[in-house]
2 protein chains.
Amino acid sequence: MFKINVICIGKIKEEYLTSGIYEYSKRLKRFCDLNIIELREESIFNESSENINMALEKEFCLIENNIKKQNNNKYNILLDINGEMLNTIEFAKKIFDLQNNNISQINFIIGSSYGISNKVLKYIDFKLSFSKMTYPHQLFRLILLEQIYRIFKINNNEIYHK
Amino acid sequence: MFKINVICIGKIKEEYLTSGIYEYSKRLKRFCDLNIIELREESIFNESSENINMALEKEFCLIENNIKKQNNNKYNILLDINGEMLNTIEFAKKIFDLQNNNISQINFIIGSSYGISNKVLKYIDFKLSFSKMTYPHQLFRLILLEQIYRIFKINNNEIYHK
C-alpha cells in the first residue's frame, strides 16, 4: 500500500487537534498507510539564536535518521511558507503522478515552531507552500491531513463533501 | 470595543472544530468583541446548478440582511480563494490601519461549501485569500480565528507561541 509519512516535531498539545488528526487518520486508512512520526521537540528556555540553532540541529538529526532508514523509492516534500503554491487539483495531480512513477512513499516534513535546519534541504524533492500566512505547526498537521484526504478522494473520483 | 464578526453559513458539525473555535473565541475576548454569526445553510438534495444557485441566493439574502442592519463604520472582508494573498504581518498591518482609520467593526464573510453569490461583491471592501488550496469551510473558521488571534497578539506586541 502506498505509504504517507508525516514527519513532524513534538507531541500535539491541544485535544481538539488530536481529535481532528485522529479523524482524518482514520478516514485515510483505506487510501494509504499513514504514519505520523512525531519526533522529539527540543525545549528552548532562552530564545537566543544560538539556542534555537542548536535545537534545530538536534531536530534535524532526528529527521535525517528517519529519512535515511527508509527505502529508496521515496519522495520528500518539505512544507515551507516560501515553497511553491499549488491548488488542490494540482496537488492531487502531483501525488497521482508520483504514485505512477515508481514512488512508494511520500514524506511530508513539517518543521517546529522555530522552523527547520537548512541542512534538511539536501533531502528535499519539493517545497510546498499552503499559504503566505504563518500557521501554528500543530494546527497545520490537521490542515495537511485534511488536504491529503481530499486529494485521495479526488484521485479516486469520489465526491468530497466540503 | 473593536468588533469582529465572522459571518458564515451553517452550524459546525464536528466537535473538534467546535472546541478549537471555542478556544480561540475565548482567547480573543480581551482583544475584541467577537461574534460568530452562523446563518442558516440551505439543504441541497439534488446538486443541479439551478438548485445550488437558489441556495446561494437565499444564503446571500441572510448575509445582506445581516450587513445592512449594522452601523456604517464597518469593513467587509470576503474570504475568497481568488482574493489577494497577504502574509501574517501584512494582514496584521491591514487590520491595524483599519482600526486607526475610524473603522469600528470588521465582517469576515465565509461562503458555504458551494461558495457564495456574486451579489455579495457590492458589499465587499477587500477579498482575502489564505491559500490556493480549497479548505473545508468549517475547518476554515478555525484557521481564520487562529490567524485573527495571531494578528491581535502581533499588533499588541505580545509574543506568540506557535
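Chain naming here is simple, since letters A, B, ... match the order of the sequence lines and numbering starts at 1 in each.
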Visitor: If we only count heavy atoms from C-beta on, is the A:Y135 to B:Q147 side-chain gap below 4.5 Å?
Guide: yes

Visitor: Counting only heavy atoms not in A:N118 (residues, nucleotides, ligands), do more than 12 fall under 6.0 Å from its CG?
Guide: no

Visitor: So B:M133 and A:R150, do their side chains get closer than 4.5 Å, heavy atoms only?
Guide: no

Visitor: Same cluster or not: A:M85 versus A:I77, using hydrophobic residues (I, L, V, M, F, W, Y) connected whenever any side-chain heavy atoms lie under 4.5 Å apart?
Guide: no

Visitor: What are the two closest heavy atoms between B:E90 and A:K132, and how far apart are they?
Guide: OE1-NZ, 4.0 Å

Visitor: Starting from A:I109, can I reach A:Y123 by hopping between I/L/V/M/F/W/Y residues whose side chains sit under 4.5 Å apart?
Guide: yes

Visitor: Answer yes or no: is there a side-chain heavy-atom contact under 4.5 Å between B:P136 and A:E146?
Guide: yes

Visitor: Does CD belonging to A:E15 count more than 12 external heavy atoms closer than 6.0 Å?
Guide: no

Visitor: For the candidates B:S131, B:S129, B:G20, which exhibits the highest count of non-hydrogen atom pairs separated by less than 4.5 Å from chain A?
Guide: B:G20

Visitor: Heavy-atom distance under 4.5 Å to chain A: side chain of B:F130, backbone, both or neither?
Guide: both

Visitor: Restricting to non-hydrogen atoms, name the atom on B:L139 and the atom on A:L142 that form the minimum distance, rounded to 0.1 Å.
Guide: CD1-CD2, 3.8 Å

Visitor: Identify which part of B:E23 has an atom lying under 4.5 Å from any heavy atom of chain A, answering side chain, backbone, both or neither.
Guide: side chain

Visitor: How far does OH of A:Y16 sit from OG1 of B:T18, to the nearest 0.5 angstrom?
Guide: 12.0 Å

Visitor: Would you mind checking which part of B:I154 comes under 4.5 Å of any heavy atom in chain A, side chain (CB onward), backbone (N, CA, C, O), both or neither?
Guide: neither

Visitor: Do you know the tightest heavy-atom contact between A:T88 and B:T134?
Guide: OG1-N, 2.8 Å

Visitor: Tell me if the OH atom of A:Y22 is crowded by more than 12 foreign heavy atoms within 6.0 Å.
Guide: no

Visitor: Check the hydrophobic clustering (I, L, V, M, F, W, Y; side-chain heavy atoms under 4.5 Å; chains of links allowed) and say if A:L62 and A:V6 are grouped together.
Guide: no

Visitor: Is there a continuous path of hydrophobic side-chain contacts, each under 4.5 Å between heavy atoms, that joins B:L128 to B:L28?
Guide: yes

Visitor: Do A:F31 and A:L144 belong together in a cluster built from hydrophobic side chains that touch within less than 4.5 Å?
Guide: yes

